[in-house]
Amino acid sequence: FRNLTGDPSRAYFSEGLSSVLTQQLASISGLNVVARSETASYRDSNRPAREIARELGVTALVTGEIVKLDGDRLRAQANLLSPENGRIRWSGPAEGTPEEILRWQGRIAEEIADELSLPLTSAEKKRLTKRPTDSPEAYDLYLRAEQLFDDWEKPQTPDMQIALLNRALELDGHFVLAQAALSKALVLSYDSDRQPAQLALAVAAADAAVAQDTAEPNARLARAAALRRTGRITEAISDLLQLVATNPKHDAAYIELADAYRELGEDGKRETSLRQSIAIRPDYWSHWLRLGSALVDAGGYDQAREAYDRAHELAPAMLAPRQNLAMLEIVSGNYEAAIRRFEELPNPGSDAPTQTNLGTAYFYTGRLDEAERAFRTAIRLEPKSAMHHANLADVLTRLHVDVEARMEYLKAAELVEQELALNPSSERRQLRRAFYWAKAGDCDRGLPAALEVEARTQPTASSAHTLAQVHAQCGQRQPA
C-alpha cells in the first residue's frame, strides 16, 4: 500500500496494511503468497507489473494506496492486478478511521480469494473476520514494528522493534501476531549479534503464540526458525511438517524445512524440500538459487550450474545468481574464471560473501596480497563469521605470518564454539571447530574431536572433505 496522504508519519500504517493483508492471504490453504520481506524492495518501484511478477514468480499482484480525507478519516483501496496486461481484475475501496480501515482487511482477503476462485473453509472465513487484538493501541504498536522489518540494517532498528512489540504485548498478552513478530525480530537480532539470550526469548515468544493459536502459520514458522538455531532440529521439523500439512502452498515453510534438514546433513530431504518450494513457485529465482547451493553441498556441480543458470535467466538484474555462478567456478577449480566473474560484479567491495569468495580465488592463483585484502574486508563487513577469520588465517599462513594466522584460526574456532553453545548437536559445526583447531596446530583437540564425529555419522561429500583435511593437517596421510 502506498502512502498518498502527504503525511510521512502515516507510512507505518500503509506498510502495516500490506503486512496484515499478506498474513491474511497466506492463511488461505489454496493460495501461495509471497512473504512481505521479498516484496519490500518493490515498494516505491515504478517498474511494470509484468517485470515485478516475473522476478517474484507470481501470477497475480495486489497493490493498494491510502489517501487522507477530512479529520482522521482515510480512504484505502486495494487492487488485484493481472501482471501480463496490468488489468485490474478486482478493486475494493474503504473509508473510515484507521481502526475501521483495519477491520476492512478481512473482507478484502475474502473477496480476493473469491475473485481467484478459491473456496474458503469455515475455519478460514472465521480467521479472516477475527480481529487480531481488541486493543487499538497494541495494534498501532504492532504496525509500527512491522514496518521496521524493512529497515533492519539500521543499527537502532532491532532494539526499537523489540521494544514496540513488547509494549504491544503489555497491552494485550494474547496478541498472537505480535508474539510471532517478536520471535522473528529476536531471531534476526541473534543472527546479527549472536547473543544467546535472544534465542531463548524468541522460543518463548513463539511458544506463547503457538499455544494460543496452533493454526497461525506465522507462529509455527517463527518457532521453527528459533528452534533450529538452538539445535532442536527435530522439533522444528515437526512444526514445519504440521504447517505444510494444513498450508500445502506455503513455500517459505519448505525453505525453512530445507534449512533444518541441512543442519542434520540430510542432503536428499533438503533437496526434496527445495524442489517442493519450486513446484509451488516455479518461476521464482531465489528458490532455484537455494537449490543450486544445496546441490553444490552435495557435490552435484553440473546440476547446480543448471539451477544457478535458471535463477539468472528468471532474474537477470539480480546479483546473487551471478555471485553463485562465480563461486561455482571456485569449487570446480576454475579460479581465473571465478576472478573474472567476481570482478565483473558491480561494487563487489560492499558484500562480504563476494569478498571472501574473491579472496579464495586470489589465494588459489597465488595473488596472496589481494587475497589478504579481500579477506580483511570480509571480516570488517561480517566480524563474527568464523569462515572469514579462517580464510584470513590461510593466507597469513602462506605469507609466513604464523603467529597472527594461529590467532585467527583460534578465533574461528571460538566463534564456532559460541554457535555450538546454542546448538551442541550440530555435527557440521563440530567438524568445523575440529578443523580450525587442527589448523591452529592443536591436534590434541582437533583430531579426537573429528574422529568422534566420524565414528557416529554417515559422511556427506562436504563432511568427508573436512575430515580429510583434519587428518592431513595432523599428519594422518592414509586416513586423509
Side-chain angles (χ1 to χ4, degrees), residues 1 18-19 21-64 78-90 109 112-113 115-118 149-150 217-218 221 225 240 243-244 247-259 270-296 303-325 328:
F1 280 78
S18 300
S19 177
L21 183 56
T22 297
Q23 293 170 17
Q24 289 175 323
L25 290 170
S27 71
I28 299 172
S29 60
L31 193 60
N32 170 240
V33 181
V34 176
R36 186 165 157 269
S37 59
E38 297 174 22
T39 65
S41 61
Y42 301 99
R43 179 174 51 198
D44 299 317
S45 175
N46 292 318
R47 294 172 61 189
R50 178 182 296 183
E51 287 184 14
I52 295 174
R54 176 179 172 81
E55 287 184 3
L56 292 173
V58 299
T59 57
L61 293 174
V62 177
T63 65
N79 304 308
L80 179 67
L81 303 181
S82 294
E84 286 302 314
N85 52 25
R87 181 176 63 85
I88 297 177
R89 294 178 53 177
W90 167 92
I112 289 174
E115 174 62 29
L116 295 172
S117 301
L118 293 172
F149 279 120
D150 296 342
N218 291 290
L221 194 61
L240 294 164
L243 175 53
V244 297
N247 296 76
K249 291 196 173 183
H250 204 306
D251 59 334
Y254 283 111
I255 294 296
E256 183 64 36
L257 194 56
D259 288 342
R270 179 187 178 191
E271 180 183 342
T272 296
S273 297
L274 291 170
R275 290 194 183 279
Q276 285 172 310
S277 73
I278 289 173
I280 294 168
R281 198 154 34 127
D283 293 331
Y284 185 39
W285 66 274
S286 184
H287 289 353
W288 287 98
L289 192 77
R290 288 177 179 272
L291 176 62
S293 297
L295 292 167
V296 167
Q303 287 180 292
R305 188 178 300 278
E306 291 175 5
Y308 289 150
D309 282 338
R310 179 60 176 152
H312 181 55
E313 176 188 347
L314 289 168
M318 295 294 178
L319 288 180
R322 294 169 60 189
Q323 291 171 326
N324 284 28
L325 281 165
L328 188 57

**Report entry** Euclidean distance, Ile112 CD1 relative to Ile28 CD1, rounded to 0.5 Å
**Finding:** 8.0 Å

Report task. Calculate, to the nearest 0.5 Å, the distance between atoms CD1 and CG belonging to Ile88 and Leu81 respectively. Result -> 6.0 Å

Report task. Would you check if Asn79 and Val62 make a side-chain contact, meaning some heavy-atom pair closer than 4.5 Å? Result -> no

Report task. Check for a donor-acceptor pair, side chain of Tyr308 on one end and backbone N or O of Ala320 on the other, with a separation under 3.5 Å. Result -> no

Report summary line: The reported gap from NE2 in His250 to CD1 in Ile280 (rounded to nearest 0.5 angstrom) is 9.5 Å

Query - Nearest non-hydrogen partners of Tyr254 and Gln276, listed with the distance - result: CE2-OE1, 3.1 Å

Query raised in the report: From Thr59 OG1 over to Arg54 CZ, what is the distance, rounded to the nearest 0.5 angstrom?
Result: 14.5 Å

Query - Residue pair Leu328 / Ala304: nearest heavy atoms and the distance that separates them - result: CD2-C, 4.3 Å

Report task. Considering non-hydrogen atoms only, spot the tightest contact between Gly57 and Arg281 and give its length. Result -> O-CG, 2.9 Å

Query raised in the report: How far does CD1 of Ile278 sit from OH of Tyr284, to the nearest 0.5 angstrom?
Result: 12.0 Å

Query raised in the report: Closest approach of Lys249 and Asn32, non-hydrogen atoms and distance?
Result: O-ND2, 2.8 Å

**Report entry** Heavy-atom check, side chain of Leu80 versus side chain of Leu116, under 4.5 Å
**Finding:** yes

Query raised in the report: Hey, are Arg310 and Glu313 close enough for a salt bridge, meaning a charged N less than 4.0 Å from a carboxylate O?
Result: yes

**Report entry** Check against side chain to side chain contact (heavy atoms under 4.5 Å, CB included), Leu291 and Glu271
**Finding:** CA-CA 7 Å; Leu291 176 62; Glu271 180 183 342; 3.8 Å; yes

Report task. State whether the side chain of Trp288 and the backbone N or O of Pro282 hold a donor-acceptor pair below 3.5 Å, judged by distance alone. Result -> yes

Report task. Could you point out which residue of Asp283, Leu289, Asp309 forms a side chain to side chain contact (heavy atoms under 4.5 Å, CB included) with Leu314? Result -> Asp283

Report summary line: Hits for salt bridge (charged side-chain N to carboxylate O under 4.0 Å, His left out) against Arg89, two or more places apart or cross-chain, chain-then-number order -> Glu115

Query raised in the report: Which heavy atom in Ala253 sits nearest to a heavy atom in Leu240, and how many Å separate them?
Result: O-CD2, 3.8 Å

Query raised in the report: Can you find a heavy atom in the side chain of Leu325 that is under 4.5 Å from one in the side chain of Arg322?
Result: no

Query raised in the report: Measuring from Arg270:CZ to Leu295:CG, what's the distance to the nearest 0.5 Å?
Result: 8.5 Å

Report summary line: Closest non-hydrogen atoms of Ala252 and Leu221, given as atom of the first, atom of the second and distance, are O-CD1, 4.1 Å

